[in-house]
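Atom set for the values below is all heavy atoms of this structure, side chains included, hydrogens, waters and symmetry mates excluded. Chain letters run A, B, ... following the sequence lines, proteins first, then strands; residues in each count from 1.
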Amino acid sequence: MTVRVRFAPSPTGYLHVGGARTALFNWLFARRNNGVFILRIEDTDTARSTEEATQSILDGMRWLGLNWDEGPFYQTHNHALHKAAAEALVASGHAYRAYETKEELDAMRAEAEVRKVPFKYNGAHRELTPEQQAAFEAEGRSHVIRFKVPRTGGSVKFTDLVYGEQEKAFDDIEDFSFYRSEGGALYLLSNAVDDAEQRVTHVIRGQDGLANTPKQVLLYQAMGKTVPQFAHLPLILDENRVKISKRIHGDAATVKFYKEKGFLTEAYLNFLALLGWSSGDEREILSLDDMRDAFSFERISHTNAIFNLKGTDERNWIDPKLLWMNSEYLKAMPLDRLVAQVRPFLEEAGLWQDAYANEEAEWFARTVDLLRARYRVLTDFATYGKPYFSDEFEFEAEAVKKNFKDPALRDLLPQLADHLETLEEFTHDSVEAGLRAFAEAKGVKAGLLINGSRTALTGQSVGPSMFELFAVMGKARSVTRLRKALS
RNA sequence: GCCGCUAUGGUGUAAGUGGUUAACACGCUGCCCUCUCAAGGCAGAGAGUACGGGUUCGAGCCCCGUUAGCGGUACCA
C-alpha cells in the first residue's frame, strides 16, 4: 500500500518552527517510502483563520523546499462531508445530540472547579427520547453532537510508531463533542474525516495530538474507516522549556524569521531534524537526501527538545548549534549558489550594484568566497561585509584601539599607500613583497603594517588574510583607504 | 484536580535484546598558527545518567514510588 502522509497546519498564524519540523518529518517519511506528501490547510476555525496566514504558510513551505504532491486542500471545502459523517454517526447510534448551552456547560465546569472534582460531561442527553428532543428544539435550543463513549468498561488501544503502545480507559474519555451547534465540524472529526477521505496511512504530528488520539481512534472505528498509523513527535520548547509560540517568542517562532536572518534552508532543516531525531551514526551534517535515507521513527526521541531562541550571548544570539550548522553549509555550498543567495541581502541593505552580476561578477564571487570562511549567516555579508561593497563603513572602536595604537602609523600608512601605488601588479604576492620590503626599509615589523592596513581598509580587526584582502580591494581603494584612515 | 508523555554534561543526541573508566556534536576554556580573527589546528573542563527504593553476579537501560517538566482535559486546531 502506498504511504500517504499529510502536513495539516491551521492558518491562524505564520508557519511555525515546530510546524516546519513536522512538515519535514512527514516529507522525509513520504520520500523515504516513495509515498505521497499531502498539504492540507485546516481552516475550520473561521474566526481565527486568515488568508494572509495561509499564504505565509505556503511561502514558508516553498522556502523550505518541502514540495507536496497533492493539495493544498482546504478543509472548509469538505463541509458537506463532515456534516454527513456527523449525521451518520448519530444515525448509527455512535453519537447523539446534546442540547446544553455553552453557558450551562460553563456553569457545570465552574461548579466542578469549586468542588474540586474533575469535570467530565455527564452524558445527560445520551438517551433523549424524540419527545424530549422536540421539546428542546421547541425551546429554540441548538445542539452539538457528542460521541457516545462506551460505558461498559474497556479501553481504546493503539500503537504509536514513536511512543509505543498506548491505552486509554473509556472511563477516562468523556462524551466529547465533534460538531458545532451552528454547524461545522470540530477538529477531532474534520481531521479524521479528511484523513480518511484522503487515504492518509500515517498521521505524523506533534505530541500534543497524542492525548487526543484515542478519541480519534473511536471516531474512525465508529465510521467504519481504517485507523491510520500514528507517529507523534516530541515538542520543541524554548530555553525555559516553554512551548514556542508567536505570542511569547515573536518572530523567532516563525520560519520567515530564519529566512530573513540569513539562514540557509538546508542548514535550517538539518538543525530542525536534529531536534528530536538522530541518524544512528555520528553524522550530524546531513543533506535532505541523507536525512531521507536515514529516516526512521525508531530514531525519534521521546523527550521534548530545546531550541535556544535567546542564545547565550551577543555572538551566539540564537541557538549556537544552528549558527554553527549554517556556517558549515555556507562554507561547503557551491559558490554560484551562495552568490545568488547573498544578492538579496545586499539589495536589502542597499549595497548591491548591478555590476556584481555583470562585469564585476568574477570579483564579486571571489569576494564572497573569501568572506564566507568566517561568516555564519547571509546577513553577515551585508553587515561585516559592508566595507567590501561600500566606501561608507564604520570603524570599530576596538579595532582602532588595537591596530592604530602606534602613533607612527599616522605617517607610515600614507607612505605605504605611496609605495603600493607604484606596484604594477596588485596581487597577493606582489602586495606582500611590496609591503614586506617597505616594512624592512622603515625598520618596523610587517605585522604592524598588516594589522594597521586591515583596520584602515575595513574598519575591523578581524578578517581574511591581509594580502588576499588587498588583492580583492584593489589598488585604488586600498591606497585611498590607507591615506584616509588616520588623516 | 484528572488523564497521559518524558527525565543522560549548558544544549542537541549516542550508548541494538542490562556487562569494562557513559560516547559524539555544538557551546565554553586554554594553547598553537604570529598578519588578525569571529577562521583553522590541538588540548581541556564539564554528566556518573532527576531523586529514593527494588530485581540482578551486574542497571543509564527492567519494576515501583516520589519529584519536576511538558501535553491533553473547549461548541481551538
Side-chain angles (χ1 to χ4, degrees), chain A residues 8-12 42-45 47-49 75 98 100-102 105-106 109 112-113 115-120 142-146 160 163 166-169 171-174 176-182 184 186-188 190-191 206-214 232 234-235 237 239 241-243 271 274-285 298-299 301-308 312-313 315-316 319-325 327 331 372-376 380 384 399 402-403 432 435 445-451 453-455 460-467 469:
Chain A
S10 64
T12 53
E42 302 214 332
D43 53 352
T44 49
D45 183 350
R48 294 194 303 149
S49 297
Q75 194 156 54
E100 291 89 351
T101 63
K102 204 166 178 176
L105 255 10
D106 285 345
R109 246 184 290 271
E113 181 78 21
R115 287 175 48 211
K116 292 192 170 233
V117 54
F119 175 77
K120 211 171 76 180
S142 55
H143 63 82
V144 296
I145 299 179
R146 286 181 181 273
D160 187 272
Y163 287 91
Q166 304 293 318
E167 180 171 3
K168 183 121 175 165
D171 286 344
D172 289 328
I173 306 175
E174 70 169 351
F176 59 91
S177 49
F178 58 77
Y179 202 81
R180 292 187 170 89
S181 55
E182 327 80 75
L186 259 7
Y187 167 76
L188 254 17
S190 55
N191 182 263
Q207 197 241 45
D208 41 1
L210 187 59
N212 279 324
T213 305
H232 287 90
L235 266 19
L237 273 22
E239 60 283 353
R241 310 195 122 80
V242 174
K243 201 173 155 184
F271 172 75
L274 260 26
L275 250 28
W277 175 82
S278 61
S279 65
D281 49 45
E282 287 184 345
R283 290 178 302 159
E284 292 210 313
I285 300 289
E298 293 76 57
R299 300 216 59 88
S301 155
H302 296 187
T303 315
N304 293 160
I306 292 175
F307 180 178
N308 192 337
T312 55
D313 51 57
R315 175 168 154 69
N316 293 305
D319 205 302
K321 192 148 186 172
L322 207 211
L323 255 5
W324 165 77
M325 189 159 281
S327 75
K331 287 171 204 160
R372 69 163 155 179
R374 55 207 81 212
Y375 287 175
R376 300 194 296 175
D380 286 344
Y384 297 134
K402 185 178 167 196
N403 290 336
E432 172 156 26
L435 183 144
K445 286 178 68 179
L448 176 71
L449 264 18
I450 287 169
N451 288 321
S453 298
R454 186 190 313 287
T455 299
Q460 298 165 7
S461 62
V462 306
S465 164
M466 197 53 211
F467 301 114
L469 205 163

- Item | A/Asp281 bridged to A/Arg283 by N-O distance under 4.0 Å | yes
- B/U20 versus B/A15 - spacing of their P atoms, nearest Å: 15 Å
- Rounding to the closest angstrom, what is the interatomic distance between B/G4 and B/C63 at atom P? 16 Å
- Given B/A77, B/G4, B/C75, which nucleotide is nearest the side-chain atoms of A/Asp45? B/A77
- Rounding to a whole Å, what distance do you find between A/Leu435:CG and B/U36:P? 14 Å
- Item | Distance test, side-chain N/O of A/His302 to OP1/OP2 of B/C5, below 4.0 Å | no
- Task: Whenever both distances are under 3.5 Å in a Watson-Crick or G-U wobble pair, mark it; put RNA chain B into dot-bracket that way, with [ ] for crossing pairs and | when the partner is on another strand.
- Result: (((((((..((((.....[...)))).(((((.......))))).....(((((..]....))))))))))))....
- Message: Closer than 3.5 angstrom, by distance alone: can the side chain of A/Arg454 be matched with the main-chain N or O of A/Ser465 as a donor-acceptor pair?
- Response: no
- Message: Does B/U13 have OP1 or OP2 under 4.0 Å away from a side-chain N or O of A/Ser278?
- Response: no
- Query: Starting at CD1 of A/Ile450 and ending at P of B/C33, how long is that distance when rounded to a whole Å?
  - Reply: 16 Å
- B/C35 phosphate, OP1 or OP2, under 4.0 Å from A/Ser465 side-chain N/O: no
- With A/Thr455 via side-chain hydrogen bond (donor to acceptor under 3.5 Å, both in side chains) - residues at least two apart: A/Asn403
- Item | Per-nucleotide protein contact string for nucleotides 63-73 of chain B (B base, S sugar-phosphate only, - none; heavy atom under 4.0 Å) | ------SSBSS
If you restrict it to nitrogen or oxygen atoms, what contacts under 3.5 Å exist between nucleotides 40-43 of chain B and the protein, and what is each distance?
{"residue": "B/G40", "atom": "OP1", "partner": "A/Lys331", "partner atom": "NZ", "Å": "2.9"}

- All side-chain contact (heavy atoms from CB on, under 4.5 Å) counterparts of A/Ala446, not counting sequence neighbours: A/Leu435, A/Arg436, A/Ala439, A/Ile450
- Reckon A/Phe467 touches a base, only the sugar-phosphate, or nothing at all at heavy-atom distances under 4.0 Å? base
- Could you pull out all residues at least two apart from A/Asp160 that satisfy side-chain contact (heavy atoms from CB on, under 4.5 Å)? A/Phe158, A/Val162, A/Tyr163, A/Gln166, A/Leu210, A/Phe230, A/His232
- Task: With sequence neighbours left out, write down each residue that passes side-chain contact (heavy atoms from CB on, under 4.5 Å) with A/Glu174, or none if nothing qualifies.
- Result: A/Phe119, A/Lys120, A/Tyr121
- Check side-chain hydrogen bond (donor to acceptor under 3.5 Å, both in side chains) between A/Glu167 and all other residues, then give those that pass, not counting sequence neighbours. A/Ser155
- In whole Å, what separates the P atom of B/C33 from that of B/A22? 35 Å
- Check the distance between B/C2's C1' and A/Asp172's CG and give it to me in whole angstrom. 8 Å
- With rounding to whole Å, what would you report as the distance between B/G19 and B/G65 at their C1' atoms? 27 Å
- Does A/Thr44 make a side-chain N or O approach to OP1 or OP2 of B/A77 shorter than 4.0 Å? yes
- Query: How far, in whole Å, is B/C61 from B/G9 if one measures between their P atoms?
  - Reply: 14 Å
- P spacing across the pair B/G1 / B/G53, given as an integer number of angstrom: 26 Å
- side-chain hydrogen bond (donor to acceptor under 3.5 Å, both in side chains) partners of A/Arg48, counting only residues at least two apart: A/Asp45
- Message: Treating primed atoms plus P, OP1 and OP2 as sugar-phosphate and everything else as base, which nucleotides of nucleotides 23-32 of chain B get B, S or - for protein heavy atoms under 4.0 Å?
- Response: SSBSSS----
- Sorted by chain and residue number, the salt bridge (charged side-chain N to carboxylate O under 4.0 Å, His left out) partners of A/Arg299 (sequence neighbours excluded) come out as none
- Item | Below 4.0 Å: OP1/OP2 of B/G12 and any side-chain N or O of A/Arg299 | no
- Set of residues satisfying side-chain contact (heavy atoms from CB on, under 4.5 Å) with respect to A/Lys168, sequence neighbours excluded: A/Asp172, A/Ile173, A/Pro214
